[in-house]
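A short worksheet on the structure shown next.
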Protein chains: 4
Amino acid sequence: MGTLQRKVRERRARRQAIQAAAVQVFGDKGYSRATMEDVARQAELSVGTIYLYYRSKEELYVSLLFESMQRFREGIEKIMATGLSPDRQLKRVWDYFYAYHLRYPQSYRVLLFLQQPGLPAGLSPKTLQEINVRAARNFSLVSRIVAAAMAKGIYRSHEPREVVDLLWSLFLGLVHPAETRQNLGITISTLRDLHRKAFRWLEDGLRVK
Amino acid sequence: MGTLQRKVRERRARRQAIQAAAVQVFGDKGYSRATMEDVARQAELSVGTIYLYYRSKEELYVSLLFESMQRFREGIEKIMATGLSPDRQLKRVWDYFYAYHLRYPQSYRVLLFLQQPGLPAGLSPKTLQEINVRAARNFSLVSRIVAAAMAKGIYRSHEPREVVDLLWSLFLGLVHPAETRQNLGITISTLRDLHRKAFRWLEDGLRVK
Amino acid sequence: MGTLQRKVRERRARRQAIQAAAVQVFGDKGYSRATMEDVARQAELSVGTIYLYYRSKEELYVSLLFESMQRFREGIEKIMATGLSPDRQLKRVWDYFYAYHLRYPQSYRVLLFLQQPGLPAGLSPKTLQEINVRAARNFSLVSRIVAAAMAKGIYRSHEPREVVDLLWSLFLGLVHPAETRQNLGITISTLRDLHRKAFRWLEDGLRVK
Amino acid sequence: MGTLQRKVRERRARRQAIQAAAVQVFGDKGYSRATMEDVARQAELSVGTIYLYYRSKEELYVSLLFESMQRFREGIEKIMATGLSPDRQLKRVWDYFYAYHLRYPQSYRVLLFLQQPGLPAGLSPKTLQEINVRAARNFSLVSRIVAAAMAKGIYRSHEPREVVDLLWSLFLGLVHPAETRQNLGITISTLRDLHRKAFRWLEDGLRVK
DNA sequence: TATGAATGAGTGTTCATTCAT
DNA sequence: GATGAATGAACACTCATTCAT
């Protein structure tokens, strides 16, 4: 006994090793241009083995997506557990977005695939539903911080979910062009600056003065 | 007489018909998943015919990109020609972004492909350079509006280009999640609202009070 | 009246113009890599027009072949009409081969296509038969010169046709490697020398001493 | 144990099976008209599998070429190792040419593709260079035999390389028309005879009398 | 008669997925 | 479980041939 547990543990470890490899490859080449062969090579496994753990390329991708979302979620929860004031928590979340993108650029990129037009055509409705639910979960987590700030009279009253949408929008929007310009061969050093200013501006509009 | 002119006119018309079809297909399926066969079917032409007008799939895509950029540019120029005060011009540009995305959603999506990781690997350096130049041209157009507003003391002094980056970021960010959620099968009706509020907030931070 | 004659004359002229263009193109690129578009461009005509004069790419190629053979034939006949002694005539023919290949390299190359494996697959039996007959005609012309030299006791007695085969073989063999090396990027200047020596050697074996 | 070795052995066997199929197909249809599908069908494999062993059609063709050259080389080396007198060695080489062409007609034909005009356009400079080097290697091997015969006073003094060129030329020339006539649907039985006579003639011119 | 735009079958090549070992 | 050789359906692109003008 305990054998089963070991089996499960090993299986999970394998899956994570494959995911780690896949994040690199998908992040580098994009979903379409990445091949299962690439992933296998990166993971130092054979193609066949990948298929023992993931039914298809798509499923592998989706698992990465869930992984990223999960990591985000955990980061936010940790911030919420600090007991800081809501506005400082929000600032931390904002910074966490930035740090995440910097620390796990490939993982961040995986999130972006969702925005590719035509992607849903390849994903099953059930999968889409699941993605949806998980995304909503993360959003509502941040919403709770914003709502708290409003309840405490730190921020003016708004629909908290709208504020979160805006924040996330701004963040995506800030990073995207930076990525694009990287695509175009230009590096941008002012992203960090821009990122800070953007928050200050936006939060300024929120605060009760 | 006039035969040559007719030829030229017809050729241009054909190219536009192909572009129209391509925008649909690329917009729906994305660059990688779209096939030349798809485009041909949509245009009610044969594959070979497409290649009479565009040398490659890439060239076809790039032509769409340039078309979009050009249209953006013209929209902005028209606004600048109105002689309105710079801050009202900026508001109009902001609204124009929104209207454009609403009116030509597929064309707008074409712009987004640039942000796909791994895309540049498929484009020639020369093409990337050209894209770059054209993008910069559009950005500097809006920058001039912002700079004018600062010169007139309407806005506080900032680096105009940074402000434009921020605006564009916010816009992209606002639309992206909306698109994503559309991907996920949810329609969002509050985008218009959010779009208006976002501008008010951001501009508020800019204005000299 | 006379109109018909003019028509015929013009048609022949067109055909020749097309042939001239085709020889260039086929000679440069080889049969497979040459396109009808290439030929049309070279002839400053439209593709459609070519098809008014030749039913297919193959037929065009065959017409070039016949043209080359005819030219060879005429050259040999001219030499035979000089009334020179048969051995001097043979020397002249040998030199003519060389001169022809130098003067009309493209036309010469067209002759070589016959040796491409797989070519017959594309040619109709009737065409093959016709090519055959014409080739034989040229060979027998030279055979008559050799036979005359034997009859006059200048050369030892052999099967004349075999001798001609050998001569032609040697010639082809001499030029081919030169072409090959040109293919490989090396130019050979000694071909002319080799060509002269080869004849002297071979003829030496033929002469009654 | 031995697994790796078996793998290597099997891989080599597969490659050879594909080569065998390719020689048939290329020999029959020529380089351009042969398709990878043809090769796959002949090898009783799928197209994809061919590409597991050869990167491209060109590489497959070049491998056949090198194979042929190598086989030629080995044949010549075996003759040189006999210790026979140089003139008898040369006779053997000459016979070997003939035997080779008879035994491996398709393989022989593969060598001829090099002479197709326009072929080099499809081959990379690096490949051409390599072909060049290997061809030269084979030629210089035979040159050494001829040079030895001259050194021993059996043959008159000439540039050995020129003599070899001539021999090879003659051989090619002899076989080509035979091939051509086969193309044209005629079989020739006198080739063997012609082949013998041609050598006698040529060598006669070489010998010190 | 001349045009050249349109066609569509065909080509080399890639890659997600399967399966015998 | 693990492997990686094999598969075959796609895909981008070409080009001989046709036909409306």
Side-chain angles (χ1 to χ4, degrees), chain A residues 7 10-11 14 31-41 43-61 122, chain B residues 3 6-7 10-11 14 32-40 43-61 122, chain C residues 7 10-11 14 31-41 43-61 122, chain D residues 3 6-7 10-11 14 32-40 43-61 122:
Chain A
K7 282 278 172 75
E10 281 178 354
R11 186 168 176 84
R14 254 298 190 256
Y31 181 76
S32 298
R33 300 171 51 95
T35 72
M36 293 301 265
E37 182 78 32
D38 289 335
V39 175
R41 204 178 308 116
E44 296 182 340
L45 288 171
S46 70
V47 247
T49 306
I50 310 260
Y51 278 87
L52 290 177
Y53 293 88
Y54 296 93
R55 251 195 289 269
S56 66
K57 189 183 177 185
E58 183 201 310
E59 194 187 293
L60 176 55
Y61 161 64
Chain B
T3 303
R6 205 199 57 209
K7 282 284 167 68
E10 280 176 358
R11 186 170 176 83
R14 224 355 151 232
S32 299
R33 296 172 50 95
T35 72
M36 291 304 263
E37 178 113 14
D38 288 336
V39 176
E44 295 183 340
L45 289 171
S46 70
V47 220
T49 304
I50 310 279
Y51 280 89
L52 290 178
Y53 294 88
Y54 296 92
R55 254 195 286 270
S56 66
K57 189 182 175 184
E58 183 195 313
E59 194 186 293
L60 176 54
Y61 163 63
Chain C
K7 283 278 173 74
E10 281 178 354
R11 188 170 174 82
R14 250 303 189 256
Y31 181 76
S32 298
R33 300 172 52 93
T35 72
M36 292 302 265
E37 182 78 30
D38 289 334
V39 175
R41 205 180 305 114
E44 295 183 339
L45 288 171
S46 70
V47 247
T49 304
I50 311 258
Y51 278 87
L52 289 178
Y53 294 88
Y54 296 93
R55 251 196 289 268
S56 68
K57 189 183 177 184
E58 183 202 310
E59 195 187 293
L60 176 55
Y61 162 63
Chain D
T3 303
R6 205 198 58 210
K7 282 283 168 69
E10 278 176 358
R11 186 169 176 83
R14 229 346 158 233
S32 299
R33 297 170 51 93
T35 72
M36 292 303 265
E37 178 116 15
D38 288 336
V39 175
E44 295 182 338
L45 289 171
S46 71
V47 221
T49 304
I50 310 278
Y51 280 88
L52 290 178
Y53 294 88
Y54 296 93
R55 255 195 286 269
S56 66
K57 188 182 176 184
E58 183 196 314
E59 193 186 293
L60 177 53
Y61 163 63

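In what follows, chains are A, B, ... by sequence order, proteins preceding strands, each numbered from 1. Worth knowing before you read on, the calculation uses all heavy atoms, side chains too, and leaves out hydrogens, waters and symmetry mates. Bear in mind that the values here come from a model prediction, so they are computed numbers and not experimental data.
If B:Tyr51 and C:Tyr51 are placed on DNA chain F by their nearest nucleotide, the residue sitting closer to the 5' end is B:Tyr51. Comparing D:Glu37 and A:Ser56, the nucleotide of DNA chain E nearest to each residue sits closer to the 5' end for D:Glu37. If D:Leu45 and B:Gly48 are placed on DNA chain F by their nearest nucleotide, the residue sitting closer to the 5' end is D:Leu45.
To the nearest angstrom, P of E:dT3 lies 11 Å from CD of C:Glu44. What separates NZ of D:Lys57 from P of E:dT14 is a distance of 15 Å, to the nearest Å. In this structure, the CZ atom of B:Arg33 is 13 Å from the C1' atom of E:dA16, given to the nearest Å. To the nearest angstrom, P of E:dA6 lies 10 Å from NZ of B:Lys7. We find that CD of D:Glu10 is positioned 11 Å from P of E:dT21, with the value rounded to whole Å. Rounded to a whole Å, the CD1 atom of B:Ile50 is 13 Å from the C1' atom of E:dG8. Rounded to whole Å, atom C1' of F:dG8 lies 15 Å from atom CE of D:Met36.
Looking at heavy-atom distances under 4.0 Å, C:Leu52 makes contact with a base. Residue-level contact check: D:Thr49 touches the bases, meaning some heavy atom is under 4.0 Å from a base atom. Among the protein residues, B:Tyr54 comes within range of no part of the nucleic acid, since none of its heavy atoms lies under 4.0 Å from any strand. Residue B:Ala40 is classed as having no contact, given no heavy-atom separation below 4.0 Å to the nucleic acid.
Across all strands shown, the partner of F:dA20 is E:dT3, judged by Watson-Crick or G-U wobble contacts whose two distances both fall under 3.5 Å.
Proximity note for C:Ser46 (side chain, C-beta onward) versus F:dT7, E:dG4, E:dT13: the nearest is E:dG4. The listed nucleotides are F:dA12, F:dT3, E:dT13; the one nearest the side chain of D:Val47 is E:dT13.
Within 6.0 Å of the CD atom in C:Glu59, the count of heavy atoms belonging to other residues, nucleotides or ligands exceeds 12.
A close approach under 4.0 Å does occur between a side-chain nitrogen or oxygen of C:Arg14 and OP1 or OP2 of E:dA2. A sub-4.0 Å separation between OP1 or OP2 of F:dA2 and a side-chain N or O of A:Tyr53 is present.
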Test side chain to side chain contact (heavy atoms under 4.5 Å, CB included) on A:Leu52 and A:Arg14; report intermediate values, then the result. CA-CA 10 Å; A:Leu52 290 177; A:Arg14 254 298 190 256; over 6 Å; no
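In this structure, the side chains of D:Leu60 and D:Lys57 stay at 4.5 Å or more apart for every pair of heavy atoms.
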